[in-house]
Amino acid sequence: MHPNRIRRARRTAAVGLSVAALAAGATTAAGPAAAQPKQAAAPAADCSAAYRIEQKLSTGTTWRMCWRYDSKAGLVLEHISYQPKGEAAPIKVLSSARLGQIDVPYDDGSVEYDDLTGFGFAQGLVPLASAECPGGTIKTVKVPDAWDPAHPNVNGLCTTTRSRGHAYRMQADTGNRVYQQQGKDLLVYTVNKVGWYEYMTEWRFQDDGMINMNVGATGSLSPGDYDAGDGRGWPIGKGAHAYATSHAHNVFWKLDFDLDGSSKSRVEQYDSKVSAPAHGQEAPSNKTTRTNVTKELAGDSKNMRWWRVVSTAGKNKDGHARSYEIVQGATNKYPGHGFTKHDVYFTQYDKCELFASNNPGCANGHPKTVDQWVNGQTLTNPVVWVNVGFHHIARDEDQQPMPVHWQGFSIAPRDVTAMNPLTPAALADQNGQPGNGS
């Protein structure tokens with residue numbers, strides 16, 4: 001294949017399809033008012049009503065945030081706070097959350113795409129039908145640098161709620177009573193078209209304080225890439241003539257924490273080591289050690305390793321510092337670049353460092369990739385970059401259309417509240433050892 005031809009074809013497809021989508025988006029309506037999520041009473045907001053998302057879930061938890069739309073990153077969520085029942089005020093979690101890059105190298109080495117900064121990801125926002133946002137609200141987004149300047153407004157941001165199944169279940173100590181709760185999530189998402197692909201960028205805010213970040217790729221396999229050789233692709237269609245070229249999707253997220261209203265968080269790494277049973281022991285032993293991450297770090301996942309970002313400004317009702325743990329999902333790390341070789345990066349905040357690769361915002365001479373920003377600075381205002389890779393070897397079932405393949409991770413509250421935020425009233429006194437009080 002010829003990289004220049006493919007780049008032109010991909011860009012042309014994105015432009016042509018986006019113009020039609022934008023025109024349609026100008027007239028697409030949101031769902032009926034009766035089906036839209038109920039709004040929670042809010043404290044003073046950080047943004048105007050048009051850019052505010054507030055949702056009180058049926059289980060009593062309220063999420064609040066602001067949104068804006070960036071000319072390269074697409075949807076950006078800011079001033080994110082979480083208020084479970086029993087908390088008198090919102091708990092600030094993140095000052096900013098967004099995508100940091102989607103890097104797509106092809107296995108035959110012919111081409112590589114940086115979809116956010118080089119191929120019009122943000123401009124590819126597509127309109128959503130009300131059926132795609134069941135029971136929710138579709139907000140109108142003004143797309144910066146729109147492919148069609150005459151139609152920059154797209155009804156393309158869905159906010160809705162969804163059930164996720166059991167939040168917990170517990171048999172009572174006596175009698176036949178069962179405590180169970182069905183969990184509820186606030187779902188915020190957009191769909192962005194880049195060439196033949198459509199990326200679903202999904203943010204799920206759970207009623208127990210967890211935040212799930214996922215990107216799902218769907219749409220079509222590129223028919224212009226049915227020219228791979230054996231070992232670089234997979235035969236699509238009858239026989240073994242059209243080989244769809246395999247490729248990687250390296251998705252980065254950028255998180256700026258604001259725990260308890262302060263950017264001055266600290267980072268900790270935890271590792272557990274299992275040892276064979278000592279004399280007289282019935283089982284192996286396991287010791288967990290904490291390492292304070294005081295300098296910038298390019299981190300690699302290992303068995304029984306995890307990180308958390310810890311508040312320096314607030315504690316829960318038990319007197320424990322609030323924190324969020326990074327919960328990583330399945331990944332295929334791409335070893336072809338320095339910036340894709342690591343699972344997580346902790347860098348000191350720099351306002352120009354916005355994208356994990358091909359970063360356009362810094363002055364000449366400033367490194368353009370996230371791995372090169374890890375240069376020994378002390379972490380006082382840490383920025384978290386998470387890299388999740390997916391190696392896409394096509395299959396017959398990928399056509400037509402292609403089923404969504406997801407990649408992502410979560411951040412989980414650790415000591416944000418003194419107990420499970422969904423604890424039923426009958427169990428509210430069971431905090432810690434019996435007799436210690438609450």
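All residue numbers refer to positions in the sequence shown, counting from 1. No hydrogens, no waters, no symmetry mates; every other heavy atom, side chains included, goes into these values.
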Checklist entry - Given Lys254 and Val370, is the side-chain contact (heavy atoms from CB on, under 4.5 Å) satisfied, shown in steps? => result CA-CA 11 Å; Lys254 179 178 183 286; Val370 65; over 6 Å; no

Checklist entry - Between Ser265 and Phe257, which heavy-atom pair has the shortest distance, and what is it? => result OG-CB, 4.2 Å

Checklist entry - Is the count of non-hydrogen atoms from other residues, nucleotides or ligands lying under 6.0 Å from Trp67 atom CH2 greater than 12? => result yes

Checklist entry - Is Asp70 salt-bridged to Arg98, cutoff N-O under 4.0 Å? => result no

Item to check | Donor-acceptor contact present, side-chain Thr245 to main-chain Asp225, <3.5 Å | outcome: yes

Checklist entry - Taking atom NZ of Lys368 and atom CG of Asp114, what is their separation to the nearest 0.5 Å? => result 11.0 Å

Checklist entry - Can Leu157 and Val188 be said to form a side-chain contact (heavy atoms from CB on, under 4.5 Å), step by step? => result CA-CA 7 Å; Leu157 172 59; Val188 180; 3.7 Å; yes

Item to check | Arg64 charged N/C atom sitting above Phe205 aromatic ring, 6.0 Å / 45° | outcome: no

Checklist entry - Taking everything shown except Asn286 itself, do over 12 heavy atoms lie less than 6.0 Å from its CG? => result yes

Next on the checklist: Parallel, tilted or perpendicular, judged at 30° and 60°: which one describes the rings of His249 and Tyr197?
Outcome noted: perpendicular

Item to check | Parallel, tilted or perpendicular, as decided by the 30° and 60° cut-offs, for the rings of Phe390 and His392 | outcome: tilted

Item to check | Nearest heavy atoms of Val76 and Ser96, plus distance in Å | outcome: CG1-OG, 3.9 Å

Checklist outcome for this item: Heavy-atom closest pair (Pro284 atom, Val274 atom, distance to 0.1 Å) is CB-CG1, 3.8 Å

Checklist entry - With side chains defined as the heavy atoms from C-beta onward, is the minimum distance between Lys142 and Pro152 less than 4.5 Å? => result yes

Checklist outcome for this item: Residues Gly237 and Gln399: closest non-hydrogen pair is N-NE2, 3.8 Å

Next on the checklist: Please give me the minimum heavy-atom distance between Pro367 and Gln372, naming the atom from each residue.
Outcome noted: CB-OE1, 3.1 Å

Item to check | Between Thr347 and Trp385, a side-chain donor and acceptor under 3.5 Å | outcome: yes

Item to check | Pairwise distance CD1(Ile80) to CG(Asp46) - rounded to 0.5 angstrom | outcome: 11.5 Å

Checklist entry - Taking atom types as modelled and ignoring hydrogens, do the side chains of Asp260 and Ser262 form a donor-acceptor contact shorter than 3.5 angstrom? => result no

Checklist entry - Would you call Asp185 and Arg204 a salt bridge, using N to O less than 4.0 angstrom? => result yes

Checklist entry - Do you see a donor-acceptor pair shorter than 3.5 Å between the side chains of Ser301 and Gln328? => result yes

Checklist outcome for this item: CG (Leu422) and CD (Gln206) are apart, to the nearest 0.5 Å, by 9.5 Å

Checklist entry - Less than 4.5 Å apart, any side-chain heavy atom of Ser81 and any of Trp63? => result no

Checklist entry - Are the side chain of Thr218 and the backbone of Met402 linked by a donor-acceptor contact shorter than 3.5 Å? => result yes

Checklist outcome for this item: When Trp203, Phe252, Trp253 are each screened for ring-ring contact (aromatic ring centres under 6.0 Å, His included) with Phe409, the one that passes is Trp253

Checklist entry - For Glu353 and His366, does a side-chain donor sit closer than 3.5 Å to a side-chain acceptor? => result yes

Checklist entry - Can any side-chain N or O of Ser311 pair as donor or acceptor with the backbone N or O of Ala321 at less than 3.5 Å? => result no

Checklist entry - Does the Lys295 side chain pair with the main chain of Leu297, one donor and one acceptor, at a distance under 3.5 Å? => result no

Checklist entry - So, Gln269 versus Trp307: side-chain donor-acceptor pair below 3.5 Å or not? => result yes

Next on the checklist: Working note: Val251 + Val215, criterion side-chain contact (heavy atoms from CB on, under 4.5 Å); need CA distance, chi angles, decisive distance, verdict.
Outcome noted: CA-CA 8 Å; Val251 181; Val215 166; 3.9 Å; yes

Item to check | Carboxylate-amine/guanidinium contact Arg164 Asp207, below 4.0 Å | outcome: yes

Checklist entry - Does the side chain of Thr291 pick up a donor-acceptor pair with the side chain of Glu268 at under 3.5 Å? => result no

Checklist entry - Quick one: which of Asp343, Thr340, Asn250 gives a side chain to side chain donor-acceptor pair (under 3.5 Å) with Lys333? => result Asp343

Checklist entry - So, Thr61 and Lys56: side-chain donor and acceptor under 3.5 Å apart, yes or no? => result no

Next on the checklist: Within this structure, what is the NE2-OH distance for the pair His247 and Tyr106, rounded to the nearest 0.5 Å?
Outcome noted: 4.5 Å

Checklist entry - To the nearest 0.5 Å, how far apart are CG in Leu99 and OG1 in Thr201? => result 4.5 Å

Item to check | Side-chain touch Leu128/Cys133, heavy atoms, less than 4.5 angstrom | outcome: no

Checklist entry - Is it the case that Gln101 and Thr117 place a side-chain donor and acceptor less than 3.5 Å from each other? => result yes

Next on the checklist: Quick one about Asn292 and Thr294 (side-chain donor to acceptor, distance below 3.5 Å, no hydrogens or angles considered), yes or no?
Outcome noted: no

Checklist entry - Does Ala356 offer a backbone N or O that forms a donor-acceptor pair with the side chain of Trp373 under 3.5 Å? => result no

Next on the checklist: If the threshold is 4.0 Å, N to carboxylate O, is there a salt bridge linking Asp271 and Arg305?
Outcome noted: yes

Item to check | side-chain contact (heavy atoms from CB on, under 4.5 Å) between Glu296 and Leu379, worked out | outcome: CA-CA 6 Å; Glu296 293 176 314; Leu379 284 178; 3.9 Å; yes

Checklist entry - Under 3.5 Å, is there a donor-acceptor pair between the Asn359 and Ser357 side chains? => result no

Item to check | Any donor-acceptor N/O pair, Arg308 side chain to Tyr324 backbone, under 3.5 Å | outcome: no

Checklist entry - Does a side chain donor of either Asn214 or Gln407 reach within less than 3.5 Å of an acceptor in the other side chain? => result no

Item to check | Distance, nearest 0.5 Å, that separates OG of Ser95 from CG of Leu255 | outcome: 9.5 Å

Next on the checklist: With a 3.5 Å distance limit and no angle check, can you tell me whether Ser71 reaches the backbone of Asp145 through a side-chain donor-acceptor pair?
Outcome noted: no

Checklist entry - Short question: side chain of Asn316, backbone of Asp415 - any donor-acceptor pair under 3.5 Å? => result yes

Item to check | Residue pair Thr159 / Lys139, side-chain donor-acceptor N/O under 3.5 Å | outcome: no

Checklist entry - Under 3.5 Å, side chain of Tyr69 to main-chain N/O of Ala122, donor-acceptor pair present? => result yes

Next on the checklist: Run Tyr199 and Asp115 through side-chain hydrogen bond (donor to acceptor under 3.5 Å, both in side chains) and show every step you take.
Outcome noted: CA-CA 10 Å; Tyr199 291 111; Asp115 282 343; 2.8 Å; yes

